[in-house]
Enquirer: 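Take a look at this one; I'll ask things after.
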Amino acid sequence: MSWALDALAGFLGYGVPWWAWGIPGGLAVAVLLRLFGVRAAGIAAAVLAVVLVTRRAAQRGYDRALKEGERDVSKSLSAARSARDAAARRDGDAGRLRDDDGFRRD
């Protein structure tokens with residue numbers, strides 16, 4: 001059950017754009033303005049601004065981490081490919097099968 005809540009929290013935190021949180025938040029501020037006055041609406045607007053800023057920062061950090069991960073994977077794959085190609089070039093020459101590599105095997 002907790003995995004479902006974690007998935008839902010991840011989707012709401014990173015899947016929903018930060019500006020989409022502003023729509024219901026703005027409506028809530030408008031309702032507070034109408035029901036409780038300017039002071040309550042001002043406090044709610046300040047809280048909404050902090051929430052939107054933190055959501056945007058978290059989503060930008062998440063996107064940056066994904067891009068860095070993709071870049072690191074690409075570098076690792078390219079290093080593995082070049083090592084594999086170098087080994088294939090080195091070991092592909094059948095004439096070098098009996099070459100002495102400097103180690104004694106008695």
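In this chain, residues are counted from 1 in sequence order.
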Enquirer: Out of curiosity, Thr54 OG1 to Gln59 CD, how far, rounded to the nearest 0.5 Å?
Expert: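 So the gap between those two atoms works out to 9.5 Å.
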Enquirer: Show me the donor-acceptor pairs, under 3.5 Å and distance only, between side chains in residues 1-20 and residues at least two apart or in other chains.
Expert:
none

Enquirer: Under 3.5 Å, sequence neighbours excluded: what are the donor-acceptor pairs made by side chains of residues 80-87?
Expert:
| from | atom 1 | to | atom 2 | distance (Å) |
| --- | --- | --- | --- | --- |
| Ser82 | OG | Ser78 | O | 3.3 |
| Ser82 | OG | Ala79 | O | 2.9 |

Enquirer: Does a sphere of radius 6.0 Å around CZ in Arg34 hold more than 12 heavy atoms from other residues, nucleotides or ligands, not counting ones at 6.0 Å or beyond?
Expert: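 Counting neighbours around CZ of Arg34, 12 or fewer heavy atoms of other residues, nucleotides or ligands fall under 6.0 Å, so no.
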Enquirer: Of all residues at least two apart in sequence or in a different chain, which pass the side-chain contact (heavy atoms from CB on, under 4.5 Å) check with Glu70?
Expert: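 So Glu70 forms no side-chain contact (heavy atoms from CB on, under 4.5 Å) with any residue.
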Enquirer: Hydrophobic cluster membership, with links at side-chain heavy-atom distances under 4.5 Å among I/L/V/M/F/W/Y: are Leu32 and Leu48 in one?
Expert: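 No; Leu48 is not reachable from Leu32 via cluster members.
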